[in-house]
Amino acid sequence: MSKHLIVFIHGMGVHKKGWSDSAWNILKESATAFSNLPHGAQFDEKFQRVEVVYDDVFENYRKRWKEDTSQIVKLLQQTGGTPPAIIDKVLKASALLGKDNFFTTHLLDVVMYRYLSLVRQPVRISVARQIADALRKSGMGNGAD
């Protein structure tokens, strides 16, 4: 018999594998308050956690944009006609994208997801693929219990 899947999908910010451990443990402990739900080891026999992580999509875009910005600076410097103030602003933007802080790992993720379909679509595809893979691995959709 297959297990019931419980899917955890994170929000904004940096999330690595294992980010849902505390939520899973709280859910498992909370199950003891309901007589119809399995407790302890039985909980793990009946339910399976699926942890969806898509932060890598944002990290890859930030990395690529930082690298692309460096190339733009080189081109601007080679032309010789670009005011130093413009080059300075581009350099500052490039440096900002390379740092992990609240702006780049939280706010920028939200802005990129909301306003850039170039970023939003890979995130959606990643989430859908991870859920579909978990369903397939669990045997759902192929006549299994």
Side-chain angles (χ1 to χ4, degrees), residues 1-79 82 86-145:
M1 184 168 91
S2 64
K3 295 181 179 183
H4 297 283
L5 300 182
I6 299 175
V7 179
F8 291 84
I9 303 174
H10 67 74
M12 67 180 182
V14 178
H15 296 83
K16 304 294 182 207
K17 290 283 183 195
W19 68 267
S20 67
D21 289 348
S22 63
W24 178 255
N25 291 331
I26 290 170
L27 186 60
K28 191 173 177 178
E29 290 170 19
S30 299
T32 62
F34 299 92
S35 60
N36 291 338
L37 289 178
H39 306 123
Q42 289 180 337
F43 187 87
D44 291 328
E45 291 172 13
K46 298 284 184 181
F47 297 99
Q48 177 183 338
R49 171 175 49 164
V50 175
E51 185 177 74
V52 174
V53 178
Y54 58 85
D55 190 52
D56 58 312
V57 175
F58 292 106
E59 289 297 322
N60 288 337
Y61 274 103
R62 278 193 291 273
K63 181 181 173 193
R64 283 176 42 197
W65 289 343
K66 183 174 173 33
E67 292 167 358
D68 290 349
T69 304
S70 298
Q71 295 300 318
I72 291 170
V73 168
K74 286 179 187 175
L75 287 172
L76 291 174
Q77 290 170 333
Q78 289 173 359
T79 64
T82 306
I86 299 295
I87 293 174
D88 218 25
K89 288 186 188 290
V90 173
L91 283 170
K92 286 179 183 174
S94 175
L96 179 65
L97 290 174
K99 294 181 181 175
D100 282 345
N101 57 43
F102 184 75
F103 174 76
T104 59
T105 61
H106 289 71
L107 296 179
L108 189 58
D109 287 2
V110 173
V111 170
M112 287 191 297
Y113 184 85
R114 172 66 177 92
Y115 295 105
L116 299 174
S117 62
L118 174 74
V119 176
R120 183 173 48 252
Q121 285 308 103
V123 169
R124 288 179 175 177
I125 290 168
S126 176
V127 169
R129 184 171 286 134
Q130 290 176 66
I131 293 171
D133 287 348
L135 291 170
R136 184 181 39 77
K137 285 177 187 173
S138 74
M140 293 192 178
N142 62 4
D145 288 343

Give the minimum heavy-atom separation between [X] and [Y], together with the two atoms involved.
X	Y	value
Thr32	His39	CA-CD2, 3.0 Å
Ser138	Leu5	OG-CD1, 3.8 Å
Gly11	Tyr54	O-OH, 3.5 Å
Gly18	Glu51	N-OE1, 2.6 Å

With sequence neighbours excluded, tell me which residues meet side chain to side chain contact (heavy atoms under 4.5 Å, CB included) with [X].
X	value
Leu37	Ala31, Phe34, Phe47
Val111	Tyr115
His15	His10, Trp19

* **Non-hydrogen side-chain atoms of Val50 and Leu135 separated by less than 4.5 Å** => no
What's the separation between atom [atom1] in [X] and atom [atom2] in [Y], rounded to the nearest 0.5 Å?
X	Y	atom1	atom2	value
Tyr61	Met112	OH	CE	9.5 Å
His4	Gln48	NE2	CD	11.5 Å
Asp109	Glu59	CG	CD	7.5 Å

* Structure fact -> The side-chain hydrogen bond (donor to acceptor under 3.5 Å, both in side chains) partners of Asp133 (sequence neighbours excluded) come to Arg136
Would you mind writing out the side-chain donor-acceptor pairs for residues 23-30 within the sub-3.5 Å range, not counting sequence neighbours?
unit_1	atom_1	unit_2	atom_2	d
Asn25	ND2	Asp21	O	3.2
Lys28	NZ	Asp44	OD1	3.4
Lys28	NZ	Asp44	OD2	2.6
Ser30	OG	Ile26	O	2.8

* To do: Take Ile6 and Arg49 through the side chain to side chain contact (heavy atoms under 4.5 Å, CB included) test and state the conclusion after the steps.
  => CA-CA 5 Å; Ile6 299 175; Arg49 171 175 49 164; 5.7 Å; no
Would you be so kind as to tabulate the donor-acceptor pairs closer than 3.5 Å made by side chains of residues 117-126, with sequence neighbours excluded?
unit_1	atom_1	unit_2	atom_2	d
Arg120	NH1	Tyr113	O	2.7
Arg120	NH1	Arg114	O	2.8
Arg124	NE	Tyr113	OH	3.1
Ser126	OG	Gln130	NE2	2.9

* Begin from the C-alpha positions of Lys63 and Asp56 and carry the test salt bridge (Lys or Arg N to Asp or Glu O under 4.0 Å) through to its verdict. => CA-CA 10 Å; Lys63 181 181 173 193; Asp56 58 312; over 6 Å; no
* To do: Test Val127 against every option in Val52, Val53, Val57 by the side-chain contact (heavy atoms from CB on, under 4.5 Å) rule and name the one that passes.
  => Val52
